[in-house]
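One structure is given below, encoded as structure tokens.
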Amino acid sequence: MHSIYQYQEFISDYLQLQSKTKEPKNLYEPIHYILGLGGKRMRPVLTLMSAEVFDTDYKKALPAALAVEVFHNFSLIHDDIMDDAPLRRGKETVHEKWNVNTGILSGDAMLIQAYQYFEHYEPTVFRDLAKLFSKTALEVCEGQQWDIDFENREDVTIAEYLKMIEYKTAVLVAAAMKMGAIIAETSVENANLIYDFGLNLGLAFQLQDDYLDAFGDPETFGKQLGGDIIENKKTYLYLKAVEFASVEQNEQLMHLFSIQPDDNTDKITSVKEIFDATGASKATQNTIQEYTLKAFDTLQNINIDNEKKDKLQSFGENLMGRKV
């Protein structure tokens with residue numbers, strides 16, 4: 001198996017080979033732009049890693065890995081439009097750099113391109129990949145809709161929130177891993193277990209993303225700090241704060257999440273103080289740890305050697321130790 005850095009290089013090199021100049025440029029330039037912003041490329045790395053875990057050359061998994069990366073970035077373009085987000089990975093979002101219509105259309109093209117990468121595979125593997133991908137893509141849309149719905153609801157439960165982030169984020173991480181298993185043509189049991197590993201790691205990842213949105217380092221986070229607070233999103237932090245808050249704290253939190261001031265600095269500071277004072281910050285960190293350990297427990301049942309289990313666990317530990 002290779003290092004994370006090597007997998008990232010393999011993906012970047014393969015992406016460069018696919019980046020041909022096409023017309024109309026206003027459709028394809030935004031695609032090249034968003035893909036060129038990089039990031040950790042966690043999901044496609046997991047596809048390559050999963051293939052090699054099950055004794056298959058990573059090269060065979062490159063088209064599927066790129067399908068995952070293109071789809072993920074398509075969803076980011078559209079998410080940023082819905083959230084009216086100014087920054088993505090520290091750079092202008094596509095709809096800010098071009099316009100909303102361009103962001104919508106370029107995103108649509110990316111969704112189609114993602115499916116085209118499965119054409120590199122033989123019919124049986126193609127069928128299994130496309131079936132998993134379609135299921136996952138629809139779940140991502142369902143998760144996004146729940147996310148939007150929750151903004152206007154005052155009765156969102158912890159269970160509902162966890163289901164939302166499972167669909168919006170975790171299922172794509174899980175599918176990325178299962179795709180590597182499908183390409184390697186390992187057992188159904190192995191493929192399902194690696195999916196569960198990815199699902200729990202994805203849940204931990206999204207909970208940590210929510211945490212970093214409020215408490216991350218603005219120099220390294222890459223996105224607008226406090227964006228979820230500005231948008232009045234009912235994150236795990238918020239829901240735990242509501243659960244633990246005193247009457248006075250709850251009233252203050254409800255007020256803060258009902259306003260949208262021109263300058264959000266004081267609002268963000270006040271909300272973060274409530275998150276800390278109620279114990280919501282600590283509870284969120286504990287839940288992140290729980291899902292991470294659950295993912296690691298799943299590894300023990302996969303039929304691979306211990307060295308490969310250690311490699312997957314090391315990846316998870318590095319991922320959950322991130323600051324961005």
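- Remark: the backbone N or O of Leu239 is not paired with any side-chain donor or acceptor of Lys234 at under 3.5 angstrom.
- Gln8 contributes a side-chain N or O that, together with a main-chain N or O of Lys40, makes up a donor-acceptor pair within less than 3.5 Å.
- A pairwise comparison of heavy atoms in Ile230 and Gln260 identifies O-NE2, 4.0 Å as the closest pair.
- Taking CD of Glu231 as the start and CG of Asn264 as the end, the distance is 9.0 Å to the nearest 0.5 Å.
- With a 4.5 Å cut-off on side-chain heavy atoms, Ile77 and Pro30 do not count as touching.
- Shortest non-hydrogen contact noted between Phe244 and Ala280 is CD1-N, 4.1 Å.
- A donor-acceptor pair is defined here as one N or O able to donate and one able to accept, closer than 3.5 Å; no such pair exists between the side chain of Asp83 and the backbone of Ala85.
- Of the possible polar contacts, one joining the Lys272 side chain to the Ala214 backbone as a donor-acceptor pair under 3.5 Å is found.
- The pair Arg41-Glu69 counts as a salt bridge, with a side-chain nitrogen and a carboxylate oxygen less than 4.0 angstrom apart.
- Tyr28 places no side-chain N or O within 3.5 Å of a backbone atom of Ser106 that could act as its donor or acceptor partner.
- Judged purely by atom type and a 3.5 angstrom limit, Ser258 uses its side chain to pair as donor or acceptor with the backbone of His255.
- Leu138 and Leu172 are members of different hydrophobic clusters when ILVMFWY side chains are connected at heavy-atom separations under 4.5 Å.
- Note that OH of Tyr7 is 11.0 Å distant from OG1 of Thr47, once rounded to the nearest 0.5 Å.
- Taking the centre and axis of the six-membered ring of Tyr195, the NZ or CZ atom of Lys178 falls inside the cone set by 45° and 6.0 Å.
- Checking each of Ile34, Ile31, Leu37 against Asn73 for a side chain to side chain contact (heavy atoms under 4.5 Å, CB included) leaves exactly one that passes, namely Ile34.
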- [ ] In sequence, state the C-alpha distance, the side-chain angles, and the governing distance for Phe215 and Asp276, and then conclude on side chain to side chain contact (heavy atoms under 4.5 Å, CB included).
- [x] CA-CA 10 Å; Phe215 295 101; Asp276 278 335; 3.7 Å; yes
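- Minimum heavy-atom separation, Lys294 to Thr298: O-OG1, 3.0 Å.
- Within the 4.5 Å cutoff, side-chain heavy atoms of Ile183 are placed close to those of Leu129.
- At least one side-chain heavy atom of Leu299 sits less than 4.5 Å from a side-chain heavy atom of Ile302.
- If you check the side chains of Gln313 and Glu317, you find a donor sitting under 3.5 Å from an acceptor.
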Task: Derivation of the side chain to side chain contact (heavy atoms under 4.5 Å, CB included) call for Tyr121 and Arg127 - done: CA-CA 9 Å; Tyr121 298 101; Arg127 179 201 65 200; over 6 Å; no
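- Applying the 6.0 Å contact sphere to CD of Gln18 captures more than 12 heavy atoms from other residues, nucleotides or ligands.
- In this structure a side-chain-to-backbone donor-acceptor pair under 3.5 Å is missing from Asp128 to Ile182.
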TODO: Take Arg153 and Glu160 through the salt bridge (Lys or Arg N to Asp or Glu O under 4.0 Å) test and state the conclusion after the steps.
DONE: CA-CA 12 Å; Arg153 279 181 51 191; Glu160 286 178 318; 2.8 Å; yes
TODO: Report the C-alpha separation of Lys308 and Leu312 in whole Å, then their side-chain angles, then the decisive distance to 0.1 Å, and conclude whether the side chain to side chain contact (heavy atoms under 4.5 Å, CB included) test is met.
DONE: CA-CA 6 Å; Lys308 289 175 179 174; Leu312 288 170; 5.8 Å; no
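- Ring to ring, Phe71 and Phe133 are close: their centroids are under 6.0 angstrom apart.
- The closest side-chain heavy-atom distance from Gln144 to Met82 is below 4.5 Å.
- Side chains of Leu48 and Ile11 form a contact here, defined as non-hydrogen atoms less than 4.5 Å apart.
- Under the 4.5 Å side-chain heavy-atom criterion for Ile, Leu, Val, Met, Phe, Trp and Tyr, Tyr115 and Leu76 are members of distinct hydrophobic clusters.
- Expressed to the nearest 0.5 Å, how far CG of Asp228 lies from CG of Asp213 amounts to 3.5 Å.
- Note on ring orientation: taking the six-membered ring where Trp is involved, the planes of Tyr238 and Phe257 are tilted (angle from 30° to 60°).
- Inspection of the Tyr211 and Ser281 side chains reveals no N or O donor paired with an N or O acceptor under 3.5 Å.
- A cation-pi contact, defined as under 6.0 Å to the ring centre and within 45° of the axis, links Lys97 to Tyr33.
- Residue-environment remark: CD (Glu307) stays at or below the threshold of 12 foreign heavy atoms within 6.0 Å.
- Contact check for Met179 versus Phe118: side-chain heavy atoms found under the 4.5 Å cut-off.
- By the criterion of side-chain heavy atoms lying less than 4.5 angstrom apart, applied directly or through intervening Ile, Leu, Val, Met, Phe, Trp or Tyr residues, Met164 is not grouped with Ile148; the two fall into different hydrophobic clusters.
- Using a 4.5 Å cut-off on side-chain heavy atoms (C-beta onward), Val242 and Met254 make contact.
- Gln6 places a side-chain N or O within 3.5 Å of a backbone atom of Ser3 that can act as its donor or acceptor partner.
- Rounded to the nearest 0.5 Å, atoms CG (Asp147) and CD1 (Ile165) are 10.0 Å apart.
- By the 4.5 Å heavy-atom criterion applied to side chains, Met49 and Tyr58 are not counted as neighbours.
- Side chain of Ser50 to backbone of Met177: a donor-acceptor contact under 3.5 angstrom is found.
- The two residues Ala204 and Tyr291 come nearest to each other via the heavy atoms CB-CB, 3.8 Å.
- Remark: Glu29 pairs with Lys25, Trp98 by the side chain to side chain contact (heavy atoms under 4.5 Å, CB included) rule, at least two apart or across chains.
- Residues Thr278 and Ala245 share a closest heavy-atom pair of CG2-CA, 3.9 Å.
- No more than 12 heavy atoms of other residues, nucleotides or ligands sit less than 6.0 Å from atom CG of Asp266.
- Across Lys267 and Ile259, no two heavy atoms sit closer than the pair NZ-O, 2.7 Å.
- Taking the centre of each ring, Phe126 and His120 stay at or above the 6.0 Å mark.
- Put simply, the side chain of Thr269 gets close to the backbone of Thr265: a donor and an acceptor are under 3.5 Å apart.
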